[in-house]
Amino acid sequence: WFVAYAAGNLYLYEQLTREQPDVHFTNQLLLEGYDDNGPFAYSTSAALNLALKDAFKPCSLRAWTEDDNRDGRPERLRFVLSVPPPSTVKALSVLVGVKAVYNDGVHSSLTVEGLAYAQASSAIAGKRWTQYSGLSLSTSTPLPPYGWAARAACSPTFDVFNETVDKDGKPTTIEAIVGRYHACNDTLSYRAEPPLWTPTVTGTTVGLELNLTVSVPEVLVPYEPTTAAVLKMAWVQYLALWFPLFWVLSALRSACIRHRVLTTRAHDPLK
């Protein structure tokens, strides 16, 4: 048999809290696709659409939020994007700009200008692409405690369409925007599930419809503990360390006396 003893860290470096952010659509969207006529694109930026020239294809966009428990923080963001007929689209990539605010009133707030992007392709032209997934938060370091100055998620501030033309003079792409975005300290990730691609029937003149659902679940957010939180955990850890140390020292003292390692003599406690 054996006796095991385990204790946590003597110092609390970070703590986790479960929080659902307040997420909204920033009216920034970029769609890139490929059909029988070559590449095309659509965006909500007038400057980018002008730079696309002949590659621009007008599309129809509907966006709304769903707040099941009516607490002011939506559980889902829904997007329906329609590509005009005839549809011979075999590949699509979509990028949506969202803004997430983490502020539970107990810890320091964090505002993230994030991206949700996904892609799908098929050898057969499609008439519908349905995509589901949720947002998750990635942070470089824990957030400061409540009362401290809010940390900037990205420096300089990230914006989807602050650069509509690349250095080579060509219209910006989803690849370029994502590359700039991942240089930020705190980012949102859209972990897309496998796409549901519905092929179209040859000879039909229907367009393609994209149904994109972005769910907003509760996530674990790391924070730096306050001084009170550190002291609250520290005294328990040090107390837990004292008991096994006391037992070891007591056993060592008894062994030293029993085996006459130390010179001892008895005293009458009543005198």
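This one's a predicted model, so the numbers in the text were calculated from it and none came from an experiment. Below, each value reflects all heavy atoms present in this structure, side chains not excepted, and no hydrogens, waters or symmetry copies.
With values rounded to the nearest 0.5 angstrom, L30 atom CG is found 4.5 Å from I174 atom CD1. Here CG of N211 is found 10.0 Å from CG of L196. Values are rounded to the nearest 0.5 Å. Annotation: the span from L137 atom CG to L220 atom CG amounts to 10.0 Å, rounded to 0.5 Å. The CD atom of E218 sits 9.5 Å away from the CZ atom of R73 when rounded to the nearest 0.5 Å. Taking OG from S122 and CG from L92, the interatomic distance works out to 11.0 Å, rounded to the nearest 0.5 Å.
Within a 6.0 Å radius of NZ in K99, no more than 12 heavy atoms belonging to other residues, nucleotides or ligands are found.
Taking the side chain as every heavy atom from C-beta outward, K90 and I124 never approach each other to under 4.5 Å. Inter-residue side-chain proximity for V96 and L212 is flagged as met; some heavy-atom pair is nearer than 4.5 Å. Residues V83 and C59 are in side-chain contact: their nearest non-hydrogen atoms beyond the backbone lie under 4.5 Å apart. The shortest distance between side-chain heavy atoms of R151 and S108 does not fall below 4.5 Å. Using a 4.5 Å heavy-atom threshold, the side chains of Y117 and Q119 count as separate. For the pair Y42 and L81, the minimum side-chain heavy-atom distance is below 4.5 Å. Using a 4.5 Å heavy-atom cutoff, the side chains of D22 and H24 are in contact.
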(request) Decide yes or no on side chain to side chain contact (heavy atoms under 4.5 Å, CB included) for T213 and L77, but give the supporting numbers first. (result) CA-CA 6 Å; T213 301; L77 279 66; over 6 Å; no
(request) Would you please test E175 and T173 for side chain to side chain donor-acceptor pair (under 3.5 Å) and show each step? (result) CA-CA 5 Å; E175 181 181 2; T173 61; 4.9 Å; no
(request) Please lay out, stage by stage, how F161 and E163 fare under the test side chain to side chain contact (heavy atoms under 4.5 Å, CB included). (result) CA-CA 5 Å; F161 295 129; E163 296 180 9; over 6 Å; no
(request) Kindly indicate, with the supporting measurements, whether the criterion salt bridge (Lys or Arg N to Asp or Glu O under 4.0 Å) is fulfilled by K127 and E209. (result) CA-CA 6 Å; K127 69 175 182 180; E209 182 179 85; over 6 Å; no
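Contact record, A120 with P195: CB-CB, 3.8 Å, taken as the closest heavy-atom pair. The two atoms that bring D67 and G72 nearest to each other are OD2-N, 2.9 Å, heavy atoms only. Between P171 and A51, the shortest heavy-atom distance links the atoms CG-O, 3.2 Å. Closest of all the heavy-atom pairs between S121 and A91 is CB-CB, 3.9 Å. Of all heavy-atom pairs spanning V216 and P74, the tightest one is CB-O, 3.6 Å. Heavy atoms only, all atoms of each residue included: Q20 and D71 are closest at OE1-OD2, 4.2 Å.
Ring to ring, Y181 and F158 are close: their centroids are under 6.0 angstrom apart. Separation of the F25 and F79 ring centroids falls under the 6.0 Å cut-off.
In this structure a side-chain-to-backbone donor-acceptor pair under 3.5 Å is present from D159 to N162. A donor-acceptor pair is defined here as one N or O able to donate and one able to accept, closer than 3.5 Å; such a pair exists between the side chain of E19 and the backbone of N103. Proximity of a side-chain donor or acceptor of T88 to a complementary backbone N or O of D36 within less than 3.5 Å is detected. Side chain of T172 to backbone of V165: no donor-acceptor contact under 3.5 angstrom is found. Here the side chain of R128 pairs no donor or acceptor atom with the backbone of T200 at under 3.5 angstrom. Counting only distance, with no hydrogens or angles, the side chain of N49 and the backbone of S43 share a donor-acceptor pair below 3.5 Å. With S215 contributing its side chain and P217 its backbone, the two residues share no donor-acceptor pair below 3.5 Å. Side-chain N or O atoms of D35 include one that pairs as donor or acceptor with a backbone N or O of N37 at under 3.5 Å.
Exactly one of V23, V98, L115 qualifies for a side-chain contact (heavy atoms from CB on, under 4.5 Å) with L188. That residue is V98.
Put simply, L31 and L61 are part of the same group of oily side chains (I, L, V, M, F, W, Y) that touch within less than 4.5 Å, one to the next. V160 and L50 sit in two unconnected hydrophobic clusters of ILVMFWY residues. Membership requires side-chain heavy atoms under 4.5 Å apart, directly or through other members. One hydrophobic cluster, built from ILVMFWY side chains closer than 4.5 Å, cannot hold both L16 and V219; they sit in different ones. Two different hydrophobic clusters hold L208 and Y34 under the rule that ILVMFWY side chains link at heavy-atom gaps under 4.5 Å. Tracing side-chain contacts under 4.5 Å through hydrophobic residues (I, L, V, M, F, W, Y), one never reaches V214 starting from Y132; they form parts of separate clusters.
Salt-bridge formation is detected for the pair D68/R76: a Lys NZ or Arg NE/NH1/NH2 atom is positioned less than 4.0 Å from an Asp or Glu carboxylate oxygen.
Between the side chains of S82 and R62, not a single donor N or O lies within less than 3.5 Å of an accepting N or O. With hydrogens and angles left out, the side-chain atoms of T139 and D186 include no donor and acceptor closer than 3.5 Å.
W197 and W129 have tilted rings, their planes meeting at an angle from 30° to 60° on a 0 to 90° scale.
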